**Q** 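Okay, handing you the structure first.
It should be emphasised that the depicted structure is a prediction, and the values quoted were computed from it without experimental measurement. Naming convention: chains lettered A, B, ... in sequence-line order (proteins, then strands); numbering from 1 in each chain.
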2 protein chains.
Amino acid sequence: MEINEKLFKALANQTRLDILQWLKDPEKEITSVSCETVRYMMTEKGGICVQDIVKKAGLAQSTVSKYLSDLQDCGLLESERHGKWTYYRRNEANLQALAKLIATAL
Amino acid sequence: MEINEKLFKALANQTRLDILQWLKDPEKEITSVSCETVRYMMTEKGGICVQDIVKKAGLAQSTVSKYLSDLQDCGLLESERHGKWTYYRRNEANLQALAKLIATAL
DNA sequence: AGTAAATATCGACTTTTCTCGATTTATCGA
DNA sequence: TCGATAAATCGAGAAAAGTCGATATTTACT
C-alpha cells in the first residue's frame, strides 16, 4: 500500500466509494439475493459476485466490472474466481494500512 | 471532515498531493526564499504564500491558486490573508480526522 | 463440440478535469 | 489617487475519466 495519485483517483468517484461501503456490510446492502445467499458467498466464496454489485449500482455491467478491477489494482479490493463467477471483497489490511499512512505520511 | 467524492477528487492529483507534502516540512521543501524566511512565514504569518508554492510547483499562478482553494474547500488546508499575501498551511486536525474516518467509516 | 452464462475487454461518445493566458480584485506605498 | 504587486477569477482548448453497447473470453453443462 502506498499513497499515490492512482489510489485517490480510485476513491474519487461516488459509485466506487459506494461499492467499498456495500462490501463492508453486504448482508444488509446486497438485496438482489437472500441474506443467506450473501452470507454463503462471503464465507464460502470469498466475496460478492459482479452481477449482484451491478444490480446494486444500476450501471452497465462493463462499467462496474472496470470499477471493480480499478479498486483491485490499487489494493482496496481483492477477488477470487470460482468457475464463471468472480467474487470481490474488501482488502481490510490495506484499508487499515491506508488510514495509518494518511495519519503519518500524507 | 467527512468522506466524500469531493475530498478524494482533491487528493487525486499529483501536484495537489505534492503541495500537502511540501507544507508538511516547508523549511526543507520551499527553497525560493531562505530557511529563516520560511520559518518566519510559518510562525508569524500562518503559512506559505502562494507565489512560493507556484515556484515550487512550476505551474501557472492561476492553476496553483485554484489548487490551493480546492484543498481549502475540502478542509485539507487553511489560510490567512495578510495584506497582499495569502498564507496557506495544512489543517492538521482535519488530516488526522480523515485518517480516523478511513480507518472506521470507509 | 455446442450452447449458455458470467465476466472482461474494446471502441466510441459524453462529461469532467487540467492548464494556460488574460483579466479582475485587493492591498500597499509613493 | 496612481501604479505596482499578490492573489483570485474567467474563458477556452487539450487531456483524462465516465459510461455505454458490442464483442471476446472463460467456464460449466449437455
**Q** Could you go through B/M41 and B/V33, starting from their C-alpha distance and side-chain angles, then the distance that decides it, and tell me whether this counts as side chain to side chain contact (heavy atoms under 4.5 Å, CB included)?
**A** CA-CA 10 Å; B/M41 286 197 289; B/V33 293; 4.1 Å; yes
**Q** If I take atom NZ in residue B/K9 and atom P in nucleotide D/dG18, what distance separates them, rounded to the nearest angstrom?
**A** 6 Å
**Q** With a 4.0 angstrom cut-off to heavy atoms of chain B, pull out the first and last contacting nucleotide of DNA chain C, in 5'-to-3' order.
**A**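 Result: C/dT17 to C/dC28.
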**Q** Among all residues two or more places apart in sequence or in another chain, which pass the side chain to side chain donor-acceptor pair (under 3.5 Å) test with A/T37?
**A** A/S34
**Q** Within the structure provided, determine whether A/N91 and A/L95 are in side-chain contact (heavy-atom separation under 4.5 Å).
**A** no
**Q** If I compare all heavy atoms of B/L77 with all of B/L23, which pair ends up nearest, and what's the gap?
**A** CD2-CD1, 3.7 Å
**Q** Residues two or more places apart in sequence or in another chain: which of them pass salt bridge (charged side-chain N to carboxylate O under 4.0 Å, His left out) with B/K45?
**A** none
**Q** With a cut-off of 3.5 Å and sequence neighbours excluded, list every side-chain donor-acceptor pair involving residues 46-61 of chain B.
**A**
{"from": "B/D52", "atom 1": "OD1", "to": "B/S32", "atom 2": "OG", "distance (Å)": "3.0"}
{"from": "B/K56", "atom 1": "NZ", "to": "B/E29", "atom 2": "O", "distance (Å)": "2.8"}
{"from": "B/K56", "atom 1": "NZ", "to": "B/E29", "atom 2": "OE1", "distance (Å)": "3.2"}

**Q** Can you tell me how far C1' of D/dA6 sits from NZ of B/K84, to the nearest Å?
**A**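 Nearest whole value for this atom pair: 7 Å.
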**Q** Can you tell if the side chain of A/L11 reaches within under 4.5 Å of the side chain of B/I3, non-hydrogen atoms only?
**A**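 No, too far: nothing below the 4.5 Å cut-off.
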**Q** Using atom types as modelled, flag every donor-acceptor pair under 3.5 Å from a side chain in residues 67-75 of chain B to any protein atom, sequence neighbours excluded.
**A**
{"from": "B/S69", "atom 1": "OG", "to": "B/K66", "atom 2": "O", "distance (Å)": "3.1"}
{"from": "B/D70", "atom 1": "OD1", "to": "B/K66", "atom 2": "NZ", "distance (Å)": "3.4"}
{"from": "B/D70", "atom 1": "OD2", "to": "B/K66", "atom 2": "NZ", "distance (Å)": "3.4"}
{"from": "B/Q72", "atom 1": "OE1", "to": "B/S79", "atom 2": "N", "distance (Å)": "3.0"}
{"from": "B/Q72", "atom 1": "OE1", "to": "B/S79", "atom 2": "OG", "distance (Å)": "2.8"}

**Q** List in numerical order all residues of residues 12-29 of chain A for which some heavy atom is under 4.0 Å away from an atom belonging to DNA chain D.
**A**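 Correct list: A/N13, A/R16.
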**Q** With sequence neighbours left out, write down each residue that passes salt bridge (charged side-chain N to carboxylate O under 4.0 Å, His left out) with B/E2, or none if nothing qualifies.
**A** none
**Q** Enumerate the residue pairs fulfilling side chain to side chain donor-acceptor pair (under 3.5 Å) with a member in residues 17-26 of chain A, sequence neighbours excluded, ordered by first and then second residue.
**A**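 Residue pairs with at least one partner in residues 17-26 of chain A: A/Q14-A/D18.
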**Q** With a 4.0 Å cut-off on heavy atoms, is B/Y87 in touch with a base, just the backbone sugar-phosphate, or nothing at all?
**A**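 The answer is nothing, as B/Y87 stays clear of every strand by at least 4.0 Å.
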**Q** What residue pairs, at least two apart or across chains, pass side chain to side chain donor-acceptor pair (under 3.5 Å) with a residue in residues 92-106 of chain B?
**A**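 Checked against side chain to side chain donor-acceptor pair (under 3.5 Å) - neighbours excluded - the pairs reaching residues 92-106 of chain B are B/R90-B/E92.
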**Q** Once you measure the plane-to-plane angle for B/Y87 and B/H82, does it fall in the parallel (<30°), tilted (30-60°) or perpendicular (>60°) bin?
**A** perpendicular
**Q** Near DNA chain C, which residues from residues 37-69 of chain B have a heavy atom under 4.0 Å away?
**A** B/L59, B/A60, B/S62, B/T63, B/Y67
**Q** Identify, residue by residue, the members of residues 75-83 of chain A with a heavy atom below 4.0 Å from DNA chain C, and return them in order of residue number, or none.
**A** none
**Q** For B/R39, enumerate each residue passing the salt bridge (charged side-chain N to carboxylate O under 4.0 Å, His left out) test, keeping only those at least two apart in sequence or located in another chain.
**A**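 Testing B/R39 for salt bridge (charged side-chain N to carboxylate O under 4.0 Å, His left out), a comparison that skips the adjacent residues, returns B/E27.
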